[in-house]
A.B. asks: 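Take a look at the following structure, please.
Worth knowing before you read on, the calculation uses all heavy atoms, side chains too, and leaves out hydrogens, waters and symmetry mates.
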Amino acid sequence: MIKRILHSDMMRESVIYQDILQKGLAQGLEQGLEQGIEQGIEQKAQEIAIKMINKGINLEIIVDVTGLPVEAQCKSCVACRRRHRSC
């Protein structure tokens, strides 16, 4: 019953309904964009960490520079597993 009301032509033409719909869409888009940016930043930090590990840089320095936890770096790099037995 409520779906019929919300999807009726009268509701679709309502200024209040359109305002709520636009705000919801804008908020969803903003949240999606923020999540995408955060994921991209973390992925880039992981890529940098892998390169640093492969160059033989100390794990403590990598953790300090990238801000990533040790576990994230150890899971993502085979070379790390060979060098750091605690991983």
Side-chain angles (χ1 to χ4, degrees):
M1 178 70 156
I2 294 174
K3 276 188 175 181
R4 277 192 217 145
I5 294 170
L6 290 176
H7 292 292
S8 71
D9 289 334
M10 188 176 6
M11 282 299 292
R12 277 188 241 139
E13 293 174 10
S14 163
V15 174
I16 295 170
Y17 176 80
Q18 290 298 321
D19 186 50
I20 292 169
L21 182 63
Q22 290 302 317
K23 286 179 182 176
L25 290 172
Q27 185 178 22
L29 181 60
E30 185 178 328
Q31 287 175 349
L33 186 58
E34 286 175 12
Q35 287 176 347
I37 290 170
E38 288 173 12
Q39 288 174 353
I41 290 170
E42 184 163 339
Q43 182 178 349
K44 187 62 178 177
Q46 289 174 352
E47 291 172 4
I48 291 169
I50 289 170
K51 288 179 181 179
M52 293 173 77
I53 290 168
N54 288 334
K55 298 266 185 196
I57 296 174
N58 183 292
L59 190 59
E60 290 176 13
I61 294 171
I62 298 170
V63 169
D64 185 48
V65 170
T66 64
L68 293 171
V70 174
E71 298 81 26
Q73 295 168 34
C74 290
K75 288 178 184 175
S76 62
C77 184
V78 175
C80 177
R81 291 189 197 120
R82 281 188 240 131
R83 280 193 208 111
H84 307 283
R85 298 181 193 274
S86 62
C87 297

A.B. asks: To the nearest 0.5 angstrom, please state how far the CD atom of E42 sits from the CG atom of L68.
C.D. replies: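 Result: 6.0 Å between the selected atoms.
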A.B. asks: Which heavy atom of I62 sits nearest a heavy atom of A49, and at what distance?
C.D. replies: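 Minimum heavy-atom contact is CG2-CB, 3.7 Å.
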A.B. asks: Calculate, to the nearest 0.5 Å, the distance between atoms CG and CD belonging to L33 and Q31 respectively.
C.D. replies: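 Rounded to the nearest 0.5 Å, the CG-CD separation comes out at 11.0 Å.
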A.B. asks: Kindly compute the distance separating NZ (K23) from CG (L21), expressed to the nearest 0.5 Å.
C.D. replies: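 Here the interatomic distance stands at 12.0 Å.
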A.B. asks: Rounded to the nearest 0.5 Å, what separation is found between the CG atom of N58 and the CD1 atom of I53?
C.D. replies: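 Rounded to the nearest 0.5 Å, the CG-CD1 separation comes to 10.5 Å.
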A.B. asks: CE of M52 to CD1 of I61: how many Å apart, nearest 0.5 Å?
C.D. replies: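 One gets 7.0 Å once the value is rounded to the nearest 0.5 Å.
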A.B. asks: So, does N54 use its side chain to make a donor-acceptor pair with the main chain of I50 at under 3.5 Å?
C.D. replies: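 Checked: pair present.
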A.B. asks: Does E34, at its CD atom, have more than 12 non-hydrogen atoms belonging to other residues, nucleotides or ligands within less than 6.0 Å?
C.D. replies: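 Atom CD in E34 is packed in, count exceeds 12.
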